[in-house]
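Working notes for the structure below.
By convention in this document, chain letters (A, B, ...) are assigned in the order of the sequence lines, proteins followed by strands, and residues within each chain are numbered from 1.
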Amino acid sequence: MAEETIVLRVQRYRPEQDSDPYFQDYEVPYRKDWVVLDALNWIKEYKDGTLSFRWSCRMGVCGSCGMMVNGRPRLTCNTFLREFYPNPITVEPLVNFDIERDLVICMDTFLEKLKKVKPWIIRREVKSPEEGPYNQTPAQLYRYKQFSMCINCMLCYAACPVVGMHPEFLGPAALALGVRYLLDSRDQGWNERMEEVGSHEGVWGCTFVGECSEVCPKHVDPAAAIQQGKVLATLDWFKRWLMPWGQK
Amino acid sequence: MRRPYHRSYPKDWWLRHPHYRRFMLRELTSVFVAYFAFWTICLLFQASRGPEQLAAFLTTMRKPGWLIWHAIGLLAVLFHTYTWFETAPKVLAVRIGEKRVPDRVIVGAQWVAFVVVAAVFFALLRLAG
Amino acid sequence: MARSNEPAVWSLFAAGGALTALVLPIHVLLFVFLVPFGVLAGDPDALLAFLRHPLFRLYAFVLCCLGLVHAAHRLRFTLVDLGLHGLAVPIAWICYLGAVLGTVVALYAVIVL
């Protein structure tokens, strides 16, 4: 019996020789338990060693293998071939990012945006290790826990039309992280963080398309985080206007 | 060698996925929200000109052209209500202690409020004559 | 970056969105459909008395004002999303000025009613 196969249409771009990206078809063995990443690895191993793509954990944890699969941002390690078989599968690098090579995107802009929201605990009163940890009740933890589950896979950036149209927009993952720290009872960096989260490039750039939450493999719901960030920024704004003397 | 390739974002992005089309439809309900506000202002001006003018204005509204237009508008504002209620739990994230109130409870509470408001409006107009 | 003054309009947008979501469908069903067909308040004099009630005037003004601000804010972003990036600033001005103008007209309408 002839082996069943499936066609992967892979977008290629080799900066040293190609002026524009183009598509290359590869016929790969079809296995019911293979994911798109398995097929890419098979190509790399047996057909074309020049094909470049990022991957690491193969279990939906590291966030490295995000690509456009038939036009949708997906983690290729949990996207099965059987979802598309027998039709061909188109694989492209994540949209809304520049292409480094083949399926590898430039993530510099994303890392810059992450840094802007200061994703770490800011303390005015610092405890020494001897004084013990900054304690938190379960209720205080649950306020932000969902928004802290992000794996930085950038699928939400590829899903967001605002990111596509306005590259300066901080974007779903970075803003969800910013809101996560605004909601953290241990954090004391409210004012400096709000300067970024509550800016035009921050939560106010969002028009609540909501697609970031649809594609998020970790159910972080960045759209919810951003809308809650709008509420926080609004309450903060009114407080500043009504009680200007209350500012620290 | 680094030579990043830049792709431009398609102008017709909002046609490219059902979710994007639904988003655009949701945003465009605002046209009918504005229209019905404008229509209400017209009603008030007609009313200020006396009962005959008011009656004439209301008779005009029974013409098929107006009815079709307003039926489309009613569907649009209902879609606005539906999408607004659906997204409210994300914005509010009501918590009781450690637990977050389930989305369907918040959505349901809004529909209950919707029905109560409708009943009150209906009863008030009924009382008026 | 600096904090935006967007909360000023966003809070009105949200209030308008919530109010219109709650009352606009029934408002339209009653006044645009049932009243013209005489199902409710068939007598023009009785209807007029209803519309002239201070509470209705207040309701109509708030509904028109918040509804227009809500729509202006949404349309402002939608028109830019549809591709009018270069015109973002004039679009914002036109939308909000339209809402303010409409609010003034609505105020005049409920006073002279």
Margin query: Tell me whether F121(B) at atom CZ has more than 12 heavy atoms from other residues, nucleotides or ligands lying less than 6.0 Å away.
Written below: yes

Margin query: Using heavy-atom distances under 4.5 Å, tell me whether V231(A) contacts chain B through its side chain, its backbone, both, or neither.
Written below: side chain

Notebook entry, point to check: Taking the six-membered ring of Y13(A), is the NZ or CZ of R3(B) close enough (under 6.0 Å from the centre) and on axis enough (within 45°)?
Noted result: no

Next item on the list: Measure the shortest side-chain to side-chain distance between H17(B) and R72(A) over non-hydrogen atoms and say whether it is less than 4.5 angstrom.
Entry: yes

Check: Heavy-atom count around I96(B) CD1 within 6.0 Å, excluding the residue itself: above 12?
Finding: no

Item checked: Evaluation steps, side chain to side chain contact (heavy atoms under 4.5 Å, CB included), between Y142(A) and R100(B) -> CA-CA 9 Å; Y142(A) 290 135; R100(B) 193 174 145 178; over 6 Å; no

Notebook entry, point to check: Which atoms of R26(B) come close to chain A, meaning under 4.5 Å heavy atom to heavy atom: side chain ones, backbone ones, both, or neither?
Noted result: side chain

Check: How far apart are the closest heavy atoms of A139(A) and G97(B), and which atoms are they?
Finding: CB-O, 3.9 Å

Notebook entry, point to check: Side chains of T207(A) and F23(B): does their closest heavy-atom pair fall under 4.5 Å?
Noted result: yes

Notebook entry, point to check: Within a strict 4.5 Å, meaning less than it, do heavy atoms of the Y9(B) and P161(A) side chains meet?
Noted result: yes

Checklist line | Test log, rule side-chain hydrogen bond (donor to acceptor under 3.5 Å, both in side chains), inputs Y5(B) and D98(A) | finding: CA-CA 5 Å; Y5(B) 184 83; D98(A) 289 350; over 6 Å; no

Note to self: Just checking R62(B): does its CZ atom have more than 12 heavy atoms from other residues, nucleotides or ligands closer to it than 6.0 angstrom?
What the structure shows: yes

Margin query: At a 4.5 Å cut-off on heavy atoms, which part of S19(A) comes close to chain B: side chain, backbone, both, or neither?
Written below: backbone

Notebook entry, point to check: Does atom CZ of F38(B) have more than 12 heavy-atom neighbours from other groups under 6.0 Å away?
Noted result: no

Next item on the list: For chain B, find which of E16(A), E211(A), E214(A) contributes the most heavy-atom pairs closer than 4.5 angstrom.
Entry: E211(A)

Margin query: Distance check, rounded to the nearest 0.5 Å: R143(A) atom CZ versus E98(B) atom CD?
Written below: 13.5 Å

Notebook entry, point to check: Under a 4.5 Å heavy-atom cut-off, does chain B meet the side chain of D18(A), its backbone, both or neither?
Noted result: backbone

Next item on the list: Give the C-alpha distance, both sets of side-chain angles, the deciding distance and a yes or no for side chain to side chain contact (heavy atoms under 4.5 Å, CB included) between V95(A) and R7(B).
Entry: CA-CA 8 Å; V95(A) 297; R7(B) 294 167 287 179; 3.9 Å; yes

Check: For K90(B), does its backbone N or O pair with a side-chain atom of Q228(A) as donor and acceptor, under 3.5 Å?
Finding: yes

